[in-house]
*Asks:* 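The structure is given below, and queries will be raised subsequently.
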Amino acid sequence: MNDTEAVTFWDGVYAARPPVTDPRPNLRLAETVPSLPPGDALDLGCGDGGDALWLARQGWKVTAADISAVALRRVAGLARTHGLDHRLATVRHDLGRSFPSGRFDLICAHYLHTPHDLDRASVLRSAARALHPGGRLLVVDHGSTAPWSWDQDPGHRHPGPHEVAADLDLDPAGWTVERADAPRRIATGPDGRTAEVTDHVLLVRRAA
């Protein structure tokens with residue numbers, strides 16, 4: 001799948017979803033952030049915008065990045081509707097080709113999975129380099145396949161958080177793994193169906 005096909009695919013995914021007036025944040029973000037002082041945050045693959053909007057409400061200055069212009073238009077519109085546009089900016093990036101500029105105190109990558117070619121480890125290493133000293137990178141991946149997922153390949157393997165950490169190849173002298181586990185939760189899909197799923201959660205902190 002080439003770059004044009006990737007854009008078309010993700011624009012189609014979001015165009016097919018009914019607009020959400022107040023999308024919810026991901027659970028793993030909501031349970032992690034309240035203990036952190038607000039600063040500059042980057043949401044990689046912001047999608048419907050639930051995480052970015054929630055962070056802005058918590059006082060963070062948020063950059064929401066996605067490959068889909070459809071998704072970004074919706075997120076920008078929601079930010080204006082909810083009076084959060086002074087705290088939230090959207091930027092379009094194909095992360096396989098470019099990475100948002102700036103330095104951040106928190107970078108989130110929730111379910112950054114795609115059917116097109118993407119050197120995800122390289123993207124996450126770029127994210128780690130974009131952190132301020134003391135900043136954190138939160139990576140939350142699918143540890144199981146939900147029944148509504150676009151990827152229903154029965155042979156698909158879900159790397160664990162320790163494998164993701166190893167791929168980052170971060171110097172232990174400058175980085176601390178604060179969380180690496182695989183909790184389960186009840187998730188609700190776009191069509192309202194529910195299922196028990198597993199998350200793979202990795203939280204790393206750059207030395208101050």
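No experiment lies behind these values; they were computed from the predicted model shown.
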*Asks:* Looking at the rings of H142 and H200, which for Trp means the six-membered one, are their centres under 6.0 Å apart?
*Replies:*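 When the ring centroids of H142 and H200 are compared, they turn out to be at least 6.0 Å apart.
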
*Asks:* Do W60 and I107 land in one hydrophobic cluster if side-chain heavy atoms of ILVMFWY residues count as linked below 4.5 Å?
*Replies:*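 No, W60 does not connect to I107 through the hydrophobic network.
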
*Asks:* Does either side chain, that of S126 or that of R129, offer a donor lying less than 3.5 Å from an acceptor on the other one?
*Replies:*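 Checked: S126/R129 side chains pair up, N/O donor to acceptor below 3.5 Å.
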
*Asks:* Do E178 and R136 meet the salt-bridge criterion of a basic N to acidic O distance under 4.0 Å?
*Replies:*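 Salt bridge: yes.
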
*Asks:* Verify, without hydrogens or angle tests, whether D119 (side chain) and S122 (backbone) share a donor-acceptor contact under 3.5 angstrom.
*Replies:*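 Yes, D119 side chain to S122 backbone: donor-acceptor pair under 3.5 Å.
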
*Asks:* Is a side-chain donor or acceptor of D105 paired with a backbone partner of G39 at a separation under 3.5 angstrom?
*Replies:*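 Judged by distance alone, no pair lies under 3.5 Å.
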
*Asks:* Using a 4.5 Å cut-off on heavy atoms from C-beta on, say whether the side chain of D167 contacts that of D169.
*Replies:*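 Answer no - side chains too far apart.
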
*Asks:* Taking atom CZ of R74 and atom CG of D66, what is their separation to the nearest 0.5 Å?
*Replies:*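 R74 CZ to D66 CG: 11.5 Å, rounded to 0.5 Å.
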
*Asks:* Any donor-acceptor pair under 3.5 Å linking the side-chain atoms of R184 with those of T198?
*Replies:*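 Looking only at side-chain atoms, R184 and T198 do form a donor-acceptor pair, the distance falling under 3.5 Å.
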
*Asks:* Quick one: does R206's side chain have a donor or acceptor within less than 3.5 Å of a partner on L131's backbone?
*Replies:*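 Flag set: sc R206 to bb L131 pair under 3.5 Å.
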
*Asks:* Could you tell me whether a side-chain N or O of D181 sits under 3.5 Å from a main-chain N or O of P183, the two making a donor and an acceptor?
*Replies:*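 Not a single qualifying donor-acceptor pair exists.
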
*Asks:* Is R87 paired with D85 through a side-chain N to carboxylate O contact shorter than 4.0 Å?
*Replies:*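 Salt bridge flag = no for R87 with D85.
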
